[in-house]
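Report on one structure; see the data block that follows.
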Protein chains: 2
Amino acid sequence: MDPAEDLLKPVHCVSHTLQKTARVVAGLYAGELRSCGLSRGQFPILQQLEALGGGVPLSVLARRLYMDRTTLTRNLTPLERAGLVVREVDPDDARIRRVTITAAGRARLVEGREAWRRAQSQTLERIGVDAWRLLEDELRHVRKALS
Amino acid sequence: MDPAEDLLKPVHCVSHTLQKTARVVAGLYAGELRSCGLSRGQFPILQQLEALGGGVPLSVLARRLYMDRTTLTRNLTPLERAGLVVREVDPDDARIRRVTITAAGRARLVEGREAWRRAQSQTLERIGVDAWRLLEDELRHVRKALS
DNA sequence: ACCCATAGCGTGTAATTACACTTACTGGAG
DNA sequence: CTCCAGTAAGTGTAATTACACGCTATGGGT
């Protein structure tokens with residue numbers, strides 16, 4: 001309240017600052033990923049699915065990605081049609097949809113990672129490795145604090 | 001290249017990290033701003049327009065907001081219909097659209113700032129004032145480095 | 001006076017996001 | 001067994017974003 005009077009002016013908006021920075025960065029990654037037919041929203045999903053090992057309830061996946069559950073549902077549909085993931089009803093609880101990456105999905109992920117790596121390299125080169133190490137920790141802290 | 005081998009793994013994706021953090025924060029601001037009929041995309045536009053004093057070419061405004069020019073065009077349309085901004089053709093160069101905030105727009109901005117201030121306060125309180133001071137500088141650095 | 005490269009904008013279309021609401025299912029209380 | 005509160009997920013709808021493309025206007029060269 002008192003200690004940060006200057007930060008309560010709209011120029012210092014946390015939301016807008018994050019938003020516009022994310023937009024600037026996103027363009028670079030989308031450009032590289034386009035070459036392998038993955039959008040910048042799809043890549044993190046496949047990535048996370050592989051990391052979690054498969055059979056992940058949709059809600060759990062959504063939380064991991066800090067993504068709205070319904071948004072994830074929409075993003076999953078084209079991936080399923082492309083055969084990169086499968087959505088199966090849990091045998092013990094028919095409410096739960098267990099999502100798993102397929103072999104085709106893993107193959108696509110290999111291509112995707114090359115494209116992604118190019119974008120990440122360029123980005124790190126421009127902003128500096130040390131700067132990103134700092135930033136990454138601070139952003140994690142923000143997410144923890146707000147969710 | 002060599003010095004940051006660990007940062008070239010998808011867990012450390014700059015784009016996705018910024019994206020998801022922005023999403024988490026955005027929800028808070030959108031909730032508060034809804035009470036005054038401004039979306040979280042509209043508030044920064046009015047804010048910047050007032051700061052720039054009026055008669056701003058659309059392209060210039062877009063650059064200031066780190067926003068795609070065509071996205072700004074779309075976001076401006078509802079604001080114009082609501083009478084909060086006006087778009088006028090430059091008398092000396094008919095290609096240029098000069099955007100200006102109206103009196104009604106400034107009035108709405110006053111309401112908006114109260115709502116925004118609540119969101120910003122809550123956010124700062126949770127993430128910490130010092131953390132944000134650091135973060136804000138680093139995010140600015142990222143934008144400069146990539147655009 | 002004419003032509004044309006360029007600048008500034010708008011539109012078609014598509015991807016992404018999320019709120020409000022609905023549907024389907026589970027497990028336990030009575 | 002029945003009912004119902006709560007949980008998991010999908011859908012209707014709308015806002016946000018941006019790429020590709022097309023339009024109009026400008027200014028300089030010929």
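Each chain gets a letter, A, B and so on, in the order its sequence line appears, and its residues count up from 1.
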Just compare D/dG10, C/dC9, D/dT26 and give me whichever is closest to any side-chain atom of B/Asp93. D/dT26
Interatomic distance, B/Arg97 CZ vs D/dT24 P [rounded to whole Å]: 12 Å
From the list D/dA25, D/dA9, C/dT17, which nucleotide is the closest neighbour of the side chain of B/Ala94? D/dA25
With the side chain defined as heavy atoms from C-beta on, B/Leu58 is closest, among C/dG10, C/dA18, D/dG10, to C/dG10
What contact category does A/Arg98 fall into here, base, sugar-phosphate, or nothing, at under 4.0 angstrom with non-hydrogen atoms? nothing
Whole angstrom is fine here: how far is it from CG in A/Leu61 over to P in D/dA9? 10 Å
Between C/dA20, C/dC25, D/dG10, which one does the side chain of B/Arg34 approach most closely? C/dA20
Answer yes or no: does a side-chain N or O of A/Arg23 lie under 4.0 Å from OP1 or OP2 of D/dT17? yes
If I take atom CG in residue A/Asp92 and atom P in nucleotide C/dT26, what distance separates them, rounded to the nearest angstrom? 10 Å
Find the distance A/Leu79:CG to C/dA15:C1' and express it as a whole number of Å. 13 Å
Any side-chain heavy-atom pair of A/Val60 and A/Arg63 under 4.5 Å: yes
I'd like to check A/Thr73 versus A/Arg87 (side-chain heavy atoms, cut-off strictly below 4.5 Å). Are they in contact? yes
Counting only side-chain heavy atoms from C-beta out, which of D/dA25, D/dT11, C/dC25 sits nearest to A/Arg95? C/dC25
For the side chain of B/Thr71, starting at C-beta, report the closest nucleotide among D/dA18, D/dT11, C/dC9. D/dA18
I want to verify a distance call: between C/dA20, D/dA8, D/dA15, whose nearest atom is closest to the A/Thr70 side chain? C/dA20
Atom-to-atom span, CD1 of B/Ile96 to P of C/dT6 - whole angstrom: 18 Å
Tell me: CG of A/Leu72 to P of D/dA8, nearest whole Å? 15 Å
Show your reasoning for whether side chain to side chain donor-acceptor pair (under 3.5 Å) applies to A/Arg143 and B/Thr21. CA-CA 6 Å; A/Arg143 290 195 301 277; B/Thr21 310; 2.7 Å; yes
Is there a side-chain contact between B/Gln42 and B/Asn75, using heavy atoms and a 4.5 Å cut-off? no
What do the steps show when you test B/Gln47 against B/Arg113 for side-chain contact (heavy atoms from CB on, under 4.5 Å), and what is the final call? CA-CA 9 Å; B/Gln47 184 56 42; B/Arg113 269 197 274 259; 3.0 Å; yes
Looking at B/Ser39, I'd like to know whether one of its side-chain N or O atoms comes within less than 4.0 Å of OP1 or OP2 on D/dA15. no
Using a cut-off of strictly less than 4.0 Å, decide whether A/Asn75 has a side-chain nitrogen or oxygen near OP1 or OP2 of C/dT17. yes
